[in-house]
Protein chains: 2
Amino acid sequence: MTPPRDALSHDRVLQAALALADAHGLDALSMRRLGAELGVEAMSLYRHVASKEALLDAMVDAIVRGWIDEHDASITDWRARLAAVMHRAHDSLMARPWAVELVANRPSVGDGRLRYAETITTALLDAGFTAQLAHHGLHIVDGTIMGFTAQQARRPSAVALGDRVRELYDGALASEYPGITRTIREHHDHDEEYALMVDLVIEGLARLRDGRMPARTGVGADYAIARA
Amino acid sequence: MTPPRDALSHDRVLQAALALADAHGLDALSMRRLGAELGVEAMSLYRHVASKEALLDAMVDAIVRGWIDEHDASITDWRARLAAVMHRAHDSLMARPWAVELVANRPSVGDGRLRYAETITTALLDAGFTAQLAHHGLHIVDGTIMGFTAQQARRPSAVALGDRVRELYDGALASEYPGITRTIREHHDHDEEYALMVDLVIEGLARLRDGRMPARTGVGADYAIARA
DNA sequence: ACCTGAACACCGTTCAAGT
DNA sequence: ACCTGAACACCGTTCAAGT
């Protein structure tokens with residue numbers, strides 16, 4: 001009655017979970033099915049992961065760890081150094097779109113996520129950013145990666161469903177949504193658009209560092225009142 | 001045997017779902033519990049919503065619809081006009097953090113989401129952006145709102161858990177994560193930081209429109225190779 | 001000491017049986 | 001014709017009963 005495959009381990013469970021989600025989506029990832037995939041009962045998994053939540057956290061951390069490359073530290077141009085991480089993260093997530101919501105919304109902070117944050121923070125500090133601005137910069141870079149990628153990752157399925165969206169393409173809703181109707185058919189390459197956003201953010205960070213940001217457009221309650 | 005409360009309706013179900021999630025979080029929102037909250041059995045809800053998925057989509061659309069204010073169209077400064085929507089969206093989501101993952105990840109496109117997209121697109125077109133750049137601009141603005149807000153929304157719970165994070169604050173991990181240790185204690189106001197990001201993005205959009213963007217940092221596979 | 005089958009307390013949704 | 005209780009096919013997780 002020895003197990004039909006090699007002994008389980010935390011890493012084998014983790015890898016099987018990633019493979020299962022890659023193959024059949026995040027919804028298909030249940031403890032029961034994951035167990036079946038590994039040739040064991042679901043309960044055996046609890047010997048290696050504390051809970052499904054802990055497993056999801058481990059998956060997130062493994063993915064984020066993949067965004068780091070020790071090699072990047074040798075890039076002397078801080079813009080290129082930041083761009084390298086941002087593009088690697090984007091590629092990583094677009095390769096497994098199911099992971100975006102996990103990475104974007106789980107508050108857990110594992111070593112992978114810490115090393116990723118450290119990489120960005122160090123790049124900014126090395127570039128002469130103050131501690132305060134490096135802190136903001138980390139959040140700006142992280143927010144950009146996640147927000148933009150989440151949006152691109154969720155778009156294909158929208159087109160697949162697309163009852164309303166098709167009407168937009170056909171121009172049937174032109175009177176109600178003239179702006180979208182005018183722009184929706186524009187050429188649209190995900191990687192190209194992401195690269196544009198990366199450059200926009202990095203240029204913005206450079207301007208922040210150098211004190212070249214314009215006056216505020218308005219903060220907090222101000223925006224309710226037109227200020228033109 | 002008349003129902004103990006007023007007759008159900010799609011809107012009453014929707015409002016109850018929002019209230020339940022507000023009170024007890026998204027995990028507490030089950031059809032059974034939602035029914036109980038309305039004094040009916042879970043199955044009665046299916047008379048007014050096609051499925052739980054459809055209900056979640058309706059919740060998203062109701063929330064996003066709240067980001068629009070007809071008043072904004074009269075703001076002549078396009079920067080202020082964009083900033084108004086971006087700040088309203090942020091406030092709306094920070095008031096119900098459970099909604100961020102829903103809004104950020106659901107691919108459904110309802111009328112609320114369309115009107116929100118139309119507002120941003122029109123603001124950009126009116127400001128002289130080309131159709132192509134307005135299209136990119138919508139994605140840039142939307143990605144910024146969602147990415148940044150998701151990040152801020154997930155942070156409080158991280159601090160609550162915070163085994164590793166506390167060590168960072170204490171400086172115990174200074175040798176492993178020197179950059180984060182140096183920056184983590186910086187003063188940090190969510191609204192202030194978001195306003196910074198909004199201004200950074202709007203300034204970036206203005207520069208895009210005027211053809212003042214710098215040379216690309218690198219796209220696609222290029223980033224794997226140091227280009228400094 | 002270790003493992004796991006059955007069980008518990010849930011899900012979303014279906015549908016036949018009731019009125 | 002309308003409504004809904006019971007049922008189905010799942011969940012994550014516990015724990016006592018087995019070896």
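Order of the sequence lines sets the chain letters (A, B, ...), proteins ahead of strands, with each chain counted from 1. Computation of the quantities below employed the complete heavy-atom set of this structure, encompassing side-chain atoms and omitting hydrogens, waters and symmetry-equivalent molecules.
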**Prompt:** Can you tell me how far C1' of C/dT4 sits from CG of A/Leu8, to the nearest Å?
**Reply:** 14 Å
**Closest contact, heavy atoms only, A/Ala153 versus A/Val100** = CB-CG2, 3.9 Å
**Complete:** Heavy-atom nearest pair, B/Arg81 first then B/Ile75, reads CD-O, 3.2 Å
**Integer-rounded Å distance: C/dT13 C1' and A/Asp27 CG** = 15 Å
**Complete:** In whole angstroms, the gap separating C1' of C/dG12 from CD of B/Glu41 amounts to 15 Å
**Request:** Mind listing the residues from residues 43-60 of chain A sitting with a heavy atom below 4.0 Å of DNA chain C? Number order is fine.
**Result:** A/Met43, A/Ser44, A/Arg47
**Message:** Assess, by modelled atom type and distance only, whether the side chains of B/His187 and B/Glu192 contain a donor and an acceptor separated by less than 3.5 Å.
**Reply:** no
**Message:** Closer than 4.0 angstrom, basic N to acidic O: yes or no for A/Glu53 and A/Arg106?
**Reply:** yes
**Prompt:** Take atom CG in A/Asp27; do more than 12 heavy atoms of anything else shown fall under 6.0 Å from it?
**Reply:** no
**Fill in**
From the candidates D/dG12, D/dT13, D/dG5, the one with an atom nearest any side-chain atom of A/Ala42 is D/dT13
**Message:** Check this for me, if you would: do B/Arg115 and B/Glu118 make a salt bridge, where the nitrogen-to-carboxylate-oxygen distance has to be below 4.0 angstrom?
**Reply:** no
**Message:** If you take any heavy atom closer than 4.0 Å to DNA chain C, which residues from residues 14-24 of chain B end up in contact?
**Reply:** none
**Prompt:** In terms of heavy-atom contacts, does CZ of A/Arg65 have more than 12 from other residues, nucleotides or ligands at under 6.0 Å?
**Reply:** yes
**Message:** Strictly distance-based, threshold 3.5 Å: is any side-chain N or O of A/Arg113 a donor or acceptor partner for the main-chain N or O of A/Asp61?
**Reply:** no
**Request:** Round to a whole Å and report the spacing from CG of B/Leu34 to P of C/dC10.
**Result:** 17 Å
**Message:** I'd like to know if the side chain of A/Ser92 and the backbone of A/Arg88 have a donor-acceptor N/O pair within less than 3.5 Å.
**Reply:** no
**Request:** Starting at atom CZ of B/Arg32, determine the distance to atom C1' of D/dC11, rounded to an integer number of angstrom.
**Result:** 11 Å
**Request:** Could you tell me whether A/Arg154 and B/Asp142 have a side-chain N and a carboxylate O separated by less than 4.0 Å?
**Result:** yes
**Message:** Could you spell out the base pairing of DNA chain C as a dot-bracket line? Use Watson-Crick and G-U wobble contacts where both distances are under 3.5 Å, [ ] for crossing pairs, | for partners on a different strand.
**Reply:** ||.|||||...|||||.||
**Message:** Angle between ring planes, A/Tyr194 versus A/Phe148, binned at 30° and 60°: parallel, tilted or perpendicular?
**Reply:** tilted
**Request:** Sticking with atom C1', work out how far D/dG12 lies from C/dT14, rounded to a whole angstrom.
**Result:** 23 Å
